[in-house]
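Comments concern the structure below.
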Amino acid sequence: MIALILLNYNDADETIAFIERCRNYESIDKIVVVDNCSTDDSYQCLNRLVDQQKIYLIRTEANLGYAAGNNAGICFALNNWELTQIIISNPDVFVSDETIEKLTAFLQQHNEVMLAGPTIRCPDDSLSYGWDCPTYLSMMKELFVPASLLRKHIDYQSIRQEKERHPFLYVDCLSGCFFAFNVQNFIKVGCFDETTFLYGEESILGFRAKKMQFRNAILPGVQALHNESVSINKNITSIRRKAEILLVSRKYYMREYMHCTASQVAIYSFLYHSKLMLKIVFNKLFSR
């Protein structure tokens, strides 16, 4: 049996649209919607879709963020059904029944794999095939050469042709917007680290899977479209606020997983804040 966990926070319209697209998929046996203590009428709107046969709704007592919110849905699902695989999805993802069937079939055939995901296509046609676990050097490098700048100069057509020569690719980290996992392996790794509120969960999962000698994989031949950060942008409109949340998660990853020194974390934080201030200033100048 396979369940899909769908996290909602003040975004019932997007979540309902996702459910309507996927409710008749044969690849999904149960859909668990987790309302992360929305402050609007999301819970009431979503409750109208509940049928207690395929679609279920739970509500957290506070906005727990991505990791703890999804863990709540996972716990509910495991307490109610015998599951072999679980799918995690953002509401702003468009994915086919066939893609899910291919992911779950792959997991059944590869016991060494914890997470499996499709190629993620964004609205700007950039593609994500996963990434390596971040190191201190790679995180510092990103401050000076941002990924958004690099994406403008990447020939995704050539990369796609090369990647799709392989039925699957082992990677460290997958995009958290959509992936499936082997339940037994995921539990052994310890589920999501609930210390983070938003951002960085993928890198932590990748690090922990690697440490436990599990593999994560991308299937290049199948895709999901991610209408990137629609839900986040609706609820966190401030560039500074999003950047501060990201920094908190990165500092936690650096301390707890990379075991960086206090000096290394402080240097990174200083450079990160300096870059953020410059970005805010430039945005103000060019928005006039």
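Worth knowing before you read on, the calculation uses all heavy atoms, side chains too, and leaves out hydrogens, waters and symmetry mates.
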Short side-chain to backbone donor-acceptor contact, [X] and [Y], under 3.5 Å:
| X | Y | answer |
| --- | --- | --- |
| S38 | D35 | no |
| S126 | C122 | no |
| N216 | L115 | yes |
| T104 | I100 | yes |
| T15 | D11 | yes |
| T196 | E201 | no |
| N36 | Y9 | no |

Please say yes or no: joined through hydrophobic side-chain contacts below 4.5 Å, possibly via intermediate residues, are [X] and [Y] part of one cluster?
| X | Y | result |
| --- | --- | --- |
| L83 | I31 | no |
| I28 | L57 | yes |
| L246 | F207 | yes |
| M140 | F270 | yes |
| I74 | V93 | no |

Please identify each residue that fulfils side-chain hydrogen bond (donor to acceptor under 3.5 Å, both in side chains) with T39, with sequence neighbours left out.
->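 Result, side-chain hydrogen bond (donor to acceptor under 3.5 Å, both in side chains) vs T39: N10.
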
Taking only residues two or more places apart in sequence, or in another chain, which ones meet D172 in a side-chain hydrogen bond (donor to acceptor under 3.5 Å, both in side chains)?
->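 In terms of side-chain hydrogen bond (donor to acceptor under 3.5 Å, both in side chains), with neighbours along the sequence ignored, D172 is linked to K210.
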
Could you check whether atom [atom1] of [X] has more than 12 heavy atoms from other residues, nucleotides or ligands sitting under 6.0 Å from it?
| X | atom1 | result |
| --- | --- | --- |
| E61 | CD | no |
| E20 | CD | yes |
| D40 | CG | yes |

Using a side-chain heavy atom cutoff under 4.5 Å and only I, L, V, M, F, W and Y, what cluster partners does W131 have?
-> none

Could you check whether any side-chain heavy atom of [X] comes within less than 4.5 Å of a side-chain heavy atom of [Y], counting everything from C-beta outward?
| X | Y | result |
| --- | --- | --- |
| Y66 | I88 | yes |
| I86 | I5 | yes |
| R250 | Y199 | no |
| L6 | P91 | yes |
| D132 | C173 | no |
| I16 | C45 | yes |
| P118 | Q223 | no |
| E202 | L205 | no |

All side chain to side chain contact (heavy atoms under 4.5 Å, CB included) counterparts of [X], not counting sequence neighbours:
| X | value |
| --- | --- |
| R241 | I236, S238, I245 |
| E244 | R240, L247, H273, L276 |
| C37 | T60 |

Just jot down the ring pair (Phe, Tyr, Trp, His ring centres under 6.0 Å) partners of F168, sequence neighbours excluded, or say none.
->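 Applying ring pair (Phe, Tyr, Trp, His ring centres under 6.0 Å) to F168 gives F106, H110, Y170.
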
Listed by chain and number, what are the ring pair (Phe, Tyr, Trp, His ring centres under 6.0 Å) partners of W81, not counting sequence neighbours?
-> Y56, F76

Compare every heavy atom of [Y] with every heavy atom of [X], then report the nearest pair and how far apart it is.
| X | Y | answer |
| --- | --- | --- |
| M254 | Q264 | CE-O, 4.2 Å |
| C133 | S203 | SG-O, 4.3 Å |
| Y272 | A243 | OH-O, 2.7 Å |
| G73 | V34 | CA-CG2, 3.5 Å |

Residue pair K30, M1: steps toward the side chain to side chain contact (heavy atoms under 4.5 Å, CB included) verdict = CA-CA 8 Å; K30 306 290 182 182; M1 185 176 287; 4.2 Å; yes

Mind checking whether Y252 and Y257 have parallel, tilted or perpendicular rings, split at 30° and 60°?
-> perpendicular

How many angstroms lie between [atom1] in [X] and [atom2] in [Y], if you round to the nearest 0.5 Å?
| X | Y | atom1 | atom2 | answer |
| --- | --- | --- | --- | --- |
| M114 | L107 | CE | CG | 10.5 Å |
| K54 | L49 | NZ | CG | 13.0 Å |
| N90 | N8 | CG | CG | 11.0 Å |
| L46 | I55 | CG | CD1 | 10.0 Å |
| L169 | T119 | CG | OG1 | 8.0 Å |
| I2 | D29 | CD1 | CG | 6.0 Å |

Go through the steps to decide whether R208 and I204 satisfy the test side chain to side chain contact (heavy atoms under 4.5 Å, CB included), and finish with yes or no.
-> CA-CA 6 Å; R208 290 162 74 179; I204 291 173; 3.6 Å; yes

Can you pull the ring pair (Phe, Tyr, Trp, His ring centres under 6.0 Å) pairs that have at least one residue in residues 82-105, sequence neighbours excluded?
->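 Sorted pair list comes back empty.
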
Summary of ring pair (Phe, Tyr, Trp, His ring centres under 6.0 Å) pairs that have at least one residue in residues 14-41, sequence neighbours excluded | none

Quick one: which residue pairs count as a salt bridge (charged side-chain N to carboxylate O under 4.0 Å, His left out) with a foot in residues 95-109, not counting sequence neighbours?
-> E98-K102

Lys/Arg N to Asp/Glu carboxylate O, K275 vs E142, below 4.0 Å | no

Compile the donor-acceptor pairs under 3.5 Å between side chains in residues 175-192 and protein atoms, sequence neighbours left out, one pair per line.
residue	atom	partner	partner atom	Å
S175	OG	C177	N	3.3
N182	OD1	Q184	N	3.0
N182	OD1	N185	N	3.1
N185	ND2	N111	O	3.0
N185	ND2	V113	O	3.0

I would like to know whether L219 and L103 meet side chain to side chain contact (heavy atoms under 4.5 Å, CB included); could you show each step before the answer?
-> CA-CA 8 Å; L219 276 61; L103 289 175; 4.1 Å; yes

